[in-house]
Amino acid sequence: MSARVLHKDASRWRIAPNLKDYAEVRRDFSWQQARAELDGLPDGGLNIGYEAVDRHALGANANKRAIRFLRKDGRREDYTYAQLKTATDRFMAALRAAGIGKGDRVFALAGRVPEFYVAALGTLKNGSVFCPLFSAFGPEPIRTRMARGNAKLLVTTGNLYRRKVRDIRDALPELQQVVIVEPQANGETRPGTQTWNAFMESGHEAVEIAATRGEDMALLHFTSGTTGRPKGAIHVHEAVVQHYVTGKYVLDLHPEDIFWCTADPGWVTGMSYGVIAPLVHGVSMIVDEEEFDAEHWYRVLQDEQISVWYTAPTAIRMLMKTGVELTHQYHFEKLRFMASVGEPLNPEAVLWGVDTFGIPFHDNWWQTETGGIMIANFPAVDIKPGSMGMPVPGVLATIVSREADGHVVPIGDAKVEGELALRPGWPAMFRGYLGEEERYNKCFVDGWYLTGDLAMRDSEGYFWFVGRADDVIKSAGHLIGPFEVESALMEHPAVAEAAVIGKPDPVIHEMVKAFVALRPGYAVDEALRLEILGFARKRLGAAVAPKEIAFLETLPHTRSGKIMRRLLKARELGLPEGDTSTLESPA
């Protein structure tokens, strides 16, 4: 734990925070009152798309800029709230014309292009279920998620379709339509697809927004586990209440803000806080199509006059590596609040923010399953660098120990490590794993949702992340399930067995390292290593595939046949191996 505390000084606030007194707001808070601050639909209905777009477009914010897209060719493409309503209405009408209705799944694999955002919001307004896909995924993760989610329609780009979708199309019999964003070029034909423009023109009749209820399914986010296939976490329209509350209290969004969330919209952060929360608050947000580049990011912060910035620890550490001299070439007068999420933010990064921008980074914690921020460092609350912060108003968090009989017991003592647990009932809580009721039910024990994260709480109520209780790898803010990587490696003809671990990395937190045992007839050499790495990269995508491979004659197993990833990680890092009594044989 960091001994240093950054005390907040009200005299230095550029604008009074929405949450000035944490204890008072937490004491008086109720989710019902928060819901009442939104418009809602007639007869008690609720729809994320309406709250994010229509309620502003039909009011005083109609001509206010909602989104500015910074395109790769240097263009700025602006949408007002009224224009965003027109576009999402048209997409909603096109879905209806295509027979895509309430509960049907619409996937998007497109990155930070305007059509992705129009598709997401139009899908939600239609009462259909939106499922974003990370554009850096390879064909196999894409196929798995679309098959699991029963994808009816896919919005993608021509490049991504050609590289990642075309060859798996026949394995997706439920997929009825593929909409290609940019027009076809060079006379290239893509059977079974239509252009974005043609699809949008098919929605020529005006239609009404779907009469969704708060508990209707709205979003499907896939998250990785240690074993088995990716889990499809179900979120409902009621989640917008939490997006609104956390945008207000954690990100401190005010009407005059210009907000930039750097997360890819293919991940839950990019949807919850790169699409929904800022628009629900009626702020103007920036979407940058380019990938990370330090000078470019500083230029965006300066030229677009960003006031609230939400980014990831990996990006912060990459900026730190470029040195402070570069920042002196730019000016950030408007920047008043910075936050970070995805993996633990080390204390040095928090303090670097103070040295570089004059304000600290505020770390926060949540999961795909929670749907929204649960624990945070707030604008008006003192920061303990390295801490996750304190629970959001309306959220009850504690540390528990798992007992031998399967029950859990809250730990009352401070600074005792245990599993982070949350009391169910917050609006953005996932309502299930798609088609896996038993797996979902196992997440809840004795009235607590068990997060799988190890943490501790200090005497002042600050929570501190310790690590994962399972083998899930956190890399550049993304969760990577070892089983999915191992399964892809096993498809290479030379691989008999594979196991992967997360290896500490100073920039991306953890990198994926694979341990491979070869089939008879194959010899270890550099050519084979590169071949297997390339094979995995092609199947899984650069963000998921291993960066290193080590060859072993045999992998360590328990007597029941389970590969001991824990032992591999201990040996890799030079840590104590712990109990090896269950080993199949000495290894």
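Taking the centre and axis of the six-membered ring of Trp464, the NZ or CZ atom of Arg457 falls outside the cone set by 45° and 6.0 Å.
The pair Glu419-Arg402 counts as a salt bridge, with a side-chain nitrogen and a carboxylate oxygen less than 4.0 angstrom apart. Under the 4.0 Å criterion applied to side-chain N and carboxylate O atoms, Arg148 and Glu436 are assigned as salt-bridge partners. A salt bridge does not link Glu572 with Lys569: none of the charged nitrogens is closer than 4.0 Å to a carboxylate oxygen. Between Arg336 and Asp252 a salt bridge is recorded (basic side-chain N to carboxylate O distance below 4.0 Å).
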- Message: Could you go through Arg565 and Glu486, starting from their C-alpha distance and side-chain angles, then the distance that decides it, and tell me whether this counts as salt bridge (Lys or Arg N to Asp or Glu O under 4.0 Å)?
- Response: CA-CA 11 Å; Arg565 299 189 191 105; Glu486 291 160 359; 2.8 Å; yes

- Task: Decide salt bridge (Lys or Arg N to Asp or Glu O under 4.0 Å) for Glu291 and Arg112; before the verdict, give the C-alpha distance in whole Å, the side-chain angles of both, and the deciding distance to 0.1 Å.
- Result: CA-CA 10 Å; Glu291 295 304 320; Arg112 302 179 187 89; 3.4 Å; yes

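Residues Glu510 and Ile480 form no side-chain contact, since every pair of their non-hydrogen atoms from C-beta on lies 4.5 Å or further apart. Contact of the Pro393 side chain with the Val245 side chain is not registered, since no non-hydrogen atoms from C-beta on lie closer than 4.5 Å.
Here Met374 contributes atom CE and Phe463 contributes atom CZ; the two are 11.0 Å apart, rounded to the nearest 0.5 Å.
Using cut-offs of 30° and 60° on the angle between ring planes, the pair His362 and Phe337 is tilted. Using cut-offs of 30° and 60° on the angle between ring planes, the pair Phe29 and Trp31 is perpendicular. Ring geometry for Phe378 against Tyr22 counts as tilted: the plane angle lies between 30° and 60°, on a 0 to 90° scale.
Counted by atom type alone, Trp260 and Asp288 present zero donor-acceptor pairs between their side chains at under 3.5 Å. Looking at Asn364 and Tyr310, their side chains do bring a donor and an acceptor atom within 3.5 Å of each other. Side-chain contact check for Glu37 and Tyr244: at least one donor-acceptor pair (N or O, by modelled atom type) lies under 3.5 Å. A side-chain donor from one of Tyr273 and Thr246 sits under 3.5 Å from a side-chain acceptor of the other.
Results of the ring pair (Phe, Tyr, Trp, His ring centres under 6.0 Å) test with Trp309 over Phe361, Phe332, Tyr298, Phe259 single out Phe361 as the only residue that passes.
Not less than 6.0 angstrom separates the ring centroid of Phe134 from the ring centroid of Phe222.
Judged by distance alone, the side chain of His237 and the main-chain N or O of Ile48 form a donor-acceptor pair under 3.5 Å.
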